[in-house]
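Only one structure is covered here, and it is reproduced in the block below.
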Amino acid sequence: MQFHTNGFIPGDPDVSVAAPDHRRAGDPLPETVDVLIAGSGPAGLCLAAQLARVPQIHTMLVEPKLGPMEKGQADGISVRTMEMFQAFGFADKVKRESVWINETTFWNPGTDANLRRVARVQDVPDGISEMPHILINQARVHDLFMDIMRNAPTRLEPDYGLKVRDLKIDPNAQEFPVTVTLEHTAPGREGQTATVRANYVIGCDGARSNVRNAIGGALHGDAAHQAWGVIDLLAVTNFPDWRKKSFVRSKDEGILMVLPREGGHLVRLYVEMDRLGENERVADRGMGANDIIAKAQRILAPFTLDVKEVVWSSIYEIGHRLTDKFDDVPEDQVRTRSPRVMLAGDACHTHSPKAGQGMNVSMGDTFNMGWKLISVLTGRADPSLLHSYSGERRAAAKGLVEFDHKWARVVGAKSEEDITDEGLPRVAREFVNNLPFTCGLTIQYEPSALTGAATHQHLATGFDIGKRLHSAPVIRLADAKPMHLGHCIEADARFHLFLFAPAGDAGTAGGTVAALCDWLENDPASPVRRHTKPGEDVDAVIDTRAVFQQEFRALDYGDMPSLLRPRVGRYGLCDYEKVFCVDAKLGEDIFTMRGIDRAAGCMVIVRPDQYVGHILPLQARDALTNYFSAILRVRG
Ligand code: FAD
């Protein structure tokens, strides 16, 4: 991380200097805001954490609960989400606090009806990511985003005790066209209302979203008519795989999943409960924690389960649902107006918790949305950029809903249908096949203005255009630090342009990288010059970095072109963190690992949300200019 860029500041570097006009706790509600976020779940907080870092954006987050969540709901964090946490700066903290899921086991009844372990598989395939698959309480994830918000220049805090009741959009208003009716929920103020006008309203208000209803959206899909119990508990058991993720299928009592949790003792169980009638609601059965425990004991028998403390429990019914559009603009009006209201997370897609995706996909939605909103609200991009949010994320959510449907059927299959071949029961085999999906790594955005065509994919076969950047180890030249290339990407709405140097290029004058950097820095036709406002740091919008094929002692930092040694901040201090070399010491050569053409090198454009936007030859200056012109405004 970099700090002291604008002068020495003592104390915790995670705490930014406060913006002078930030709202303080207890201040009256504002009349207008740039962005009003409904809901402080993972989707809302992930968005708020990004916006809070931009002092000129006024954001408000309303939440009907009276304080932060303490326990319950989701707990699965995929490797892809951990990569995203790295960009927020708290992946290491999560790694320390959480339980890592390394192995998953499968238990079936044997011939004597006693349970036996029939398979054990590695949970995260080797080399798929530098991050682990972990489990942690959703409330801790909330805390980590809220730490970012309250330490950001805007010192953003949720406004608890307030919910969005309704909203209206004035299609003729240019400024603050969305009028939001807020309703107080705190004791003594229930039902009182207030009005706030916003430029954008983001519905992160869960499956029963009022924001979705207000824009005429509806969730379509089906319910499985099967009740499930989820329970977090502290217990003593002789079941041997209590600290492994385990699928347990009993002969006659149904199935359960064991999910070890953070701290070494806590465990979550998902337990198959009763079938529901066609028109029956799960609440009608009046089931509670004792029913879940009794059922879990029957499924796990003859192993024992002695529950010492129930931390949290819930009974739910699986539904797979999706809205038609994640914003307020009907398809036939896309050309004439831009979104003012957008939906994210459970407000626009719901699925079963079995694949552990709900929290991940919800945060993925607002990580996709955050940089787009920031780009629009800071004048870097036209508001039409926001159309890409619904297009990209609805496709991702649709893939999840379809996958979840399939997976729920596999998990719910009766044991006699669970035919074994290749030495693995069907559920274990499907589990292994689905790992790239459940790791969150299969999302690939379709070609569009943001995602280039695959014309030059052969220049870097390990960086799939449209997929997230698959990071690899490098050595930073200036201080010889071994690190992951992807870890220089922060959640700060900047694009990244990685120049992979051709063989023999040492960054010196006359070489390909130096010539390209000179053009990028000085030619008015280059995207760096076109899209960076006068007075902004040269890397404020497009952050250019280079990776060389030599090991670090073979290169001289002083030879690097000035774009790779930019002067930043109010003192014009040098940014020493733009140049990297292969990690020859560990033998981990990023050029080999990611299939980069050694003779030609290439440019890899990475979007602010860590997805590969395009791959181009180092000479393709016009194509580079065209890529950014389709996304960003000319401000140079
Ligand atoms: P949510 O986390 O649902 O957050 C929505 C927020 O909006 C809430 O804080 C809510 O209070 C607030 N809100 C509601 N109405 C309004 C309004 N009108 N205006 C403003 N704010 C509003 N997933 C699992 O993987 N495993 C589980 O065991 C599991 N259990 C769950 C149990 C419950 C009771 C619920 C509700 C969800 C559970 N989930 C579980 C799903 C998982 O938590 C979600 O997929 C995930 O939290 C989605 O994040 P989100 O931010 O979209 O929505």
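Order of listing sets the numbers, starting from 1, for every ligand and every atom in it. Positions are given from 1 along the sequence.
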Problem - Flag for Asp205-Ser209: side-chain donor and acceptor within less than 3.5 Å - result: yes
Exercise for the section: Under 4.0 Å from a heavy atom of Ala43: give me the atoms of ligand 1 that qualify, with their elements. Expected result: 51 (O), 52 (O)
Problem - Per atom 47 (O) of ligand 1, closest listed option by heavy atom (His142, Arg268, Gln138, Arg208) - result: Gln138
Fill in the blank from the handout: Taking only non-hydrogen atoms of Ala38 and a 4.0 Å limit, the atoms of ligand 1 in range are 20 (C), 21 (N)
Handout entry: Tyr445 and Arg468: side chain donor to acceptor below 3.5 Å
Key = no
Exercise for the section: Look at atom 32 (C) of ligand 1 and find which of Glu183, Glu63, Gln73 reaches it with the closest heavy atom. Expected result: Gln73
Practice task
Check whether any side-chain N or O of Arg298 sits under 3.5 Å from a backbone N or O of Gly254 as a donor-acceptor pair, and report yes or no.
Solution key: no
Handout entry: Numbering as shown, the atoms of ligand 1 that approach Val230 to under 4.0 Å (heavy-atom distance)
Key = 28 (O)
Exercise for the section: Using modelled atom types only, decide if a donor and an acceptor are shared between the side chain of Glu63 and the backbone of Pro158 within a distance under 3.5 Å. Expected result: no
Handout entry: Per-atom contacts, ligand 1 versus Cys204 - under 4.0 Å to a heavy atom
Key = 5 (C), 6 (C), 7 (O)
Practice task
Output the list of atoms in ligand 1 that are nearer than 4.0 Å to some heavy atom of Gly358, sorted by atom number.
Solution key: 45 (O)
Exercise for the section: Look at the aromatic rings of Tyr316 and Tyr270 and report parallel, tilted or perpendicular, splitting at 30° and 60°. Expected result: perpendicular
Practice task
Would you mind running through ligand 1 and noting each atom that sits below 4.0 Å from a heavy atom of Gly39?
Solution key: 6 (C), 7 (O), 12 (C), 20 (C), 21 (N)
Exercise for the section: Please report which non-hydrogen protein atom sits nearest to atom 49 (O) of ligand 1, along with the residue it belongs to and the distance in Å to one decimal place. Expected result: Pro42 CD, 3.3 Å
Problem - Gly76 touching ligand 1 at heavy-atom level, < 4.0 angstrom - result: no
Fill in the blank from the handout: Note: Asn210, heavy atoms under 4.0 Å from ligand 1, region reported as side chain
Problem - Within-shell test, Tyr316 vs ligand 1, heavy atom, strictly < 4.0 Å - result: no
Exercise for the section: Of the side chain and backbone of Gln357, name the one, both, or neither that has a heavy atom under 4.0 Å from an atom of ligand 1. Expected result: neither
Handout entry: Ionic contact status for Lys308 with Asp306, cut-off 4.0 Å
Key = yes
Handout entry: is_close_aromatic(Phe303, Trp242), centroid dist under 6.0 Å
Key = no
Problem - Stacked cation flag Arg340 on Tyr200, 6.0 angstrom / 45 deg - result: yes
Problem - Mode of Lys65 contact toward ligand 1 - side chain, backbone, both, neither (heavy atoms, under 4.0 Å) - result: side chain
Handout entry: Shortest protein contact, atom 42 (C) of ligand 1 (heavy atom only)
Key = Ala74 CB, 3.8 Å
Problem - Atom indices of ligand 1 within 4.0 angstrom of Gly345 heavy atoms, with elements - result: 52 (O)
Exercise for the section: Could you tell me whether a side-chain N or O of Glu83 sits under 3.5 Å from a main-chain N or O of Met131, the two making a donor and an acceptor? Expected result: no
Completion exercise
The atoms of ligand 1 lying under 4.0 Å from a heavy atom of Trp312, numbered in the order shown, are 30 (N), 32 (C)
Handout entry: Main-chain N/O of Asn137 paired with Asp75 side-chain donor or acceptor, under 3.5 Å
Key = no
Exercise for the section: Please confirm whether Phe437 and Trp407 have ring centers closer than 6.0 angstrom. Expected result: no
